[in-house]
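All chains are named by letter (A, B, ...) in the order of the sequence lines, taking the proteins before the strands, and each is independently numbered beginning at 1. Everything numeric here is computed off the predicted structure, so don't read it as measured data.
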There are 2 protein chains.
Amino acid sequence: MGKRKITSTNTINRDYLKNECGTMYALTLLSGRWKMTILHKLSKKGLRFTELKECIPNISDRMLSLHLKEMERDGLVERNVFAEVPPRVEYTLTSSTRDLVSIWDRLDIWGNNHREIQESNVQYLDGDL
Amino acid sequence: MGKRKITSTNTINRDYLKNECGTMYALTLLSGRWKMTILHKLSKKGLRFTELKECIPNISDRMLSLHLKEMERDGLVERNVFAEVPPRVEYTLTSSTRDLVSIWDRLDIWGNNHREIQESNVQYLDGDL
DNA sequence: TTAGTAACTCACAATTTTGTTAGAAATGGG
DNA sequence: CCCATTTCTAACAAAATTGTGAGTTACTAA
């Protein structure tokens, strides 16, 4: 997000990992506080800036703008400008990203499962103390 | 990593998103520079601290240690201590995490595909300038 | 007692990400 | 020209993550 110092160890490591495999590349593009949520909202239908803001509580103008710009650069979303007044900009998923969203089903199931396991472990540990 | 200020907007937003759905929960557990790589290495066989260090170039002792500790807390890896001299600690995936790893296949394919699309777009834009 | 090894831990610094607030650009109607 | 509206942007501040280098612990073999 914003500017990166391209000579830093941090950036060097990041780029190295990004090139390791498809999974790491994908996760690099998706990392960012609100990106998944934005994709999720857009998966139902295209939305304009203000609509996204309204359906994602707590996101700031700046973060929404930054994320959308990065996601456009990364081929995750499309930005469609309509010559209207006041201006209207609609964001939609790219076709590649629509494929991605369909993968989330399994991850969603895994996540919910794992959360249950984790929560039951905590209970168990609590009982043990 | 390390300490979080639990009253910060940042942490509040993070926790809110973590509870949104299984996918976001999963991605929260997996976020961290080297976590995916560590899981990937461990998916083949259990490894000790030093072995992980050797097969992940550039990772520092500190980051490896921090990540492993978090991943153990989050139920992603198990820490097995052997009473030998010098001490031997082996890290393995939990059974839940082994299921996760099998999901990566599709994400890997998606990532590699998407990278190709992106790279060909860049070429096209370059030619245009 | 000393040395050697694995597995860490600590203090601190650098970098990156996220959040806050104010305000700018664009545009047509009045 | 001024207004209202949407879509951002700029400057700054706060917080979080990552990296560095030295040091610690535990244990036993020599």
> Looking for any heavy atom pair under 4.0 Å, which part of the strands does F82(A) touch: base, sugar-phosphate only, or nothing?
Replying inline: nothing

> Is D61(A) touching bases, backbone alone, or none of the nucleic acid, heavy atoms closer than 4.0 Å?
Replying inline: base

> To the side chain of S8(A), which of dT15(C), dA15(D), dG19(D) is closest?
Replying inline: dT15(C)

> What nucleic acid atoms does T9(B) come within less than 4.0 Å of, heavy atoms only: base, sugar-phosphate, or nothing?
Replying inline: sugar-phosphate

>> Let's test your reading of the model: under 3.5 Å, does the base of dT9(D) pair with the side chain of R62(A) as donor and acceptor?
In response: no

>> Under 4.0 Å, heavy atoms only, any strand: does K69(B) hit a base, just the sugar-phosphate, or nothing?
In response: sugar-phosphate

> Within this structure, what is the OH-to-P distance between Y16(B) and dT18(C), rounded to whole angstrom?
Replying inline: 16 Å

> Heavy-atom distance under 4.5 Å between the side chains of R106(A) and S102(B), does that happen here?
Replying inline: yes

>> At less than 3.5 Å, do the side-chain atoms of R4(A) and the base atoms of dT15(C) form a donor-acceptor pair?
In response: no

> For the pair made of CH2 in W34(B) and P in dT18(D), what is the distance, rounded to whole Å?
Replying inline: 10 Å

> Using a cut-off of 4.0 Å on non-hydrogen atoms, how would the nucleic acid contact of R88(B) be classed: base, sugar-phosphate, or nothing?
Replying inline: sugar-phosphate

> To the side chain of Y91(A), which of dC8(C), dG19(D), dC8(D) is closest?
Replying inline: dC8(D)

> Given atom CD1 of I56(A) and atom P of dT18(C), what is their separation to the nearest angstrom?
Replying inline: 14 Å

